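A note on names: the letters A, B, ... follow the listed sequences, proteins ahead of strands, and every chain is numbered from 1. Source: prediction; values computed, not measured.
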There are 2 protein chains.
Amino acid sequence: MRWDTLEEETCSLARTVAVIGDRWTLLILRECFLRVRRFEAFQSSLQITRHLLSERLKKLVRFGILRRVPYSDAPKRYEYILTQKGLDLYPIIMAMVHWGDAHMGDERGRPLLHEHKTCGKLFDPVMVCSECGEALHAKQVHVHAGPARREAGR
Amino acid sequence: MRWDTLEEETCSLARTVAVIGDRWTLLILRECFLRVRRFEAFQSSLQITRHLLSERLKKLVRFGILRRVPYSDAPKRYEYILTQKGLDLYPIIMAMVHWGDAHMGDERGRPLLHEHKTCGKLFDPVMVCSECGEALHAKQVHVHAGPARREAGR
DNA sequence: TTTGACAGTTCTATTTTAGAACTATAGCCT
DNA sequence: AGGCTATAGTTCTAAAATAGAACTGTCAAA
């Protein structure tokens, strides 16, 4: 499997991985959710090489995850803003943060705490079933072939 | 930033990314959740090179995500089974599958459907606040420095 | 005794990433 | 006018990671 074929796989995980499945992209998205928007700001907070940052931002724009929006006419300058498609990545990022908090922490506790403005409390993200609202666990889920899979003949 | 320093960052996302933030690792984990356990099975379903598969499995074992369990004594053979730490990655994988379903699909519909055994229905995963149970959205969350961050002096 | 299954390891070629330097536009200061 | 700074990139070479193929070792079954 080569990477240019990954986004055409009949697997939603593979397609997601084709877009955000590398380390720099995930870290760039973290910065986006922390309200970072400009090239220099990404570069200095991540210490990513300018070359790769440029390349990754282009890719995220190409996939519709970021929009490149002008904020100055002369000289022409742009900032990168999450689209709705990009904002929808939030559960992925939060799930990763939560797993890191739970399993990769050290004695100093958590780096960040999250407050839910709606209820005013510090919270953890929990993944639940859309139908019954119960917390989801891998062993309670059964997988069926969907229409795309059947059409692909597997 | 080099990758060997990534897991020591004061950021839970970075630490998670250090472990599972590459494309093959995520695809290997998908197979694990689909009950694949053996070297040859991973290799043939993913078409990953044997070299990389070997290297990634070792890394996942080293981080306590998979356990290498003997299933035959002569010849010695092992299979790779998710630990609890590994099972806890489920929300990340499901969030990625769900985003792919929503944003990277084609006209053929979904590759896989998920049934929640507990309630018997086909479901989507939803991320909610642990405190109030409401669905989470990026714009409703405020971030505070936690103890580890303050100790790191930022 | 030969073949095949399984779980890797080893080798070279190609691709990707790191790190540093360079380019371009324009405002501001003297 | 001339030089300095800020911003947003591009270009170059060296180092690291990945792809692809071949090879190793153990044992069972034919």
Side-chain angles (χ1 to χ4, degrees), chain A residues 1-9 14 17-29 31-32 35-63 66-81, chain B residues 1-9 14 17-29 31-32 35-63 66-81:
Chain A
M1 188 196 303
R2 281 188 314 294
W3 292 124
D4 45 327
T5 65
L6 192 55
E7 63 186 278
E8 286 142 39
E9 288 251 323
V17 166
V19 184
I20 64 160
D22 76 281
R23 315 206 210 202
W24 282 124
T25 299
L26 287 162
L27 293 171
I28 289 168
L29 288 168
E31 297 300 305
C32 292
R35 272 77 175 173
V36 169
R37 306 176 154 207
R38 298 189 182 174
F39 190 93
E40 295 295 322
F42 287 112
Q43 202 280 320
S44 70
S45 75
L46 291 172
Q47 297 298 102
I48 182 177
T49 66
R50 310 176 73 76
H51 178 87
L52 267 201
L53 176 57
S54 171
E55 195 271 322
R56 290 292 193 276
L57 289 172
K58 273 182 201 152
K59 182 175 173 185
L60 288 169
V61 169
R62 183 155 37 85
F63 277 110
L66 297 177
R67 234 169 340 123
R68 189 160 171 268
V69 179
Y71 72 91
S72 152
D73 271 336
K76 273 280 183 197
R77 297 212 189 294
Y78 299 88
E79 53 190 8
Y80 296 89
I81 301 191
Chain B
M1 185 197 301
R2 280 187 315 293
W3 291 125
D4 45 327
T5 67
L6 192 56
E7 64 186 280
E8 285 141 38
E9 289 249 324
V17 166
V19 184
I20 63 160
D22 76 280
R23 315 204 209 202
W24 282 124
T25 299
L26 288 163
L27 293 171
I28 288 167
L29 287 168
E31 297 300 306
C32 291
R35 271 78 175 175
V36 170
R37 305 175 155 209
R38 299 187 183 176
F39 191 94
E40 295 294 322
F42 287 111
Q43 202 280 321
S44 69
S45 73
L46 292 173
Q47 296 298 103
I48 183 176
T49 66
R50 309 175 75 76
H51 177 88
L52 268 202
L53 176 58
S54 170
E55 196 270 322
R56 290 293 193 277
L57 289 172
K58 273 182 200 151
K59 182 175 173 186
L60 288 168
V61 169
R62 182 155 39 83
F63 278 109
L66 296 177
R67 231 168 344 121
R68 189 159 171 270
V69 179
Y71 72 90
S72 151
D73 270 334
K76 272 280 184 197
R77 297 212 192 292
Y78 299 88
E79 54 190 6
Y80 296 89
I81 300 190

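- A salt bridge is defined here as a Lys NZ or Arg NE, NH1 or NH2 lying under 4.0 Å from an Asp or Glu carboxylate O, and A:E31 with A:R38 fails to meet this definition.
- Rounded to a whole Å, the NE2 atom of A:H51 is 12 Å from the C1' atom of C:dT15.
- Side chain of A:Q43 to main chain of A:T49: no donor-acceptor pair is present (N/O by atom type, distance under 3.5 Å, no hydrogens or angles).
- Following rounding to the nearest Å, A:Q43 (CD) and C:dG19 (C1') show an atom-to-atom distance of 11 Å.
- One can place NZ of B:K59 at 10 Å from P of D:dA17, the figure rounded to the nearest angstrom.
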Enumerate the protein-to-nucleotides 3-7 of chain D contacts in which both atoms are nitrogen or oxygen and the separation is below 3.5 Å.
residue : atom : partner : partner atom : Å
D:dT7   : O3'  : A:Y71   : OH           : 3.0
D:dT7   : O2   : A:R77   : NH1          : 3.0
D:dT7   : O2   : A:R77   : NH2          : 2.9

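- Among residues two or more places apart in sequence or in another chain, the salt bridge (charged side-chain N to carboxylate O under 4.0 Å, His left out) test is passed with B:R67 by none.
- In terms of heavy-atom proximity, B:T25 sits nearest to B:V19 at CG2-O, 3.8 Å.
- One atom, CD1 of A:I48, and another, C1' of D:dG9, lie 13 Å apart when rounded to the nearest Å.
- To the nearest angstrom, P of C:dT16 lies 18 Å from CG of A:L53.
- Listed pair A:R23 / D:dA17 fails the phosphate criterion, with no side-chain N or O lying under 4.0 Å from OP1 or OP2.
- Nucleotide D:dT10 holds its P atom 10 Å from the CG atom of A:L57, rounded to whole Å.
- Summarising the geometry, the separation between CD on B:E55 and P on C:dG8 is reported as 13 Å, rounded to the nearest angstrom.
- Nearer the 5' end of DNA chain C, as judged by each residue's closest nucleotide, is the contact made by A:L52, out of A:D73 and A:L52.
- Interatomic distance, CG of A:L46 versus CD of B:E9, reported as 8.5 Å (0.5 Å rounding).
- Across every non-hydrogen atom of B:I28 and B:F42, the tightest pair is O-CE2, 3.7 Å.
- Note on A:S54: a side-chain N or O is less than 4.0 Å away from OP1 or OP2 of D:dT10.
- Within the structure, a side-chain polar atom (N or O) of A:K58 is placed less than 4.0 Å from OP1 or OP2 of D:dT10.
- Following rounding to the nearest Å, A:K76 (NZ) and C:dA26 (C1') show an atom-to-atom distance of 14 Å.
- Within the structure, every side-chain polar atom (N or O) of B:Y80 is placed at least 4.0 Å from both OP1 and OP2 of C:dC6.
- A:R37 pairs by the side chain to side chain donor-acceptor pair (under 3.5 Å) definition with nothing, not counting sequence neighbours.
- In this model, the phosphate group of D:dA17 is not approached by any side-chain N or O of B:R56 to a distance below 4.0 Å at OP1 or OP2.
- OP1 or OP2 of C:dA18 lies within a sub-4.0 Å distance of a side-chain N or O belonging to A:W24.
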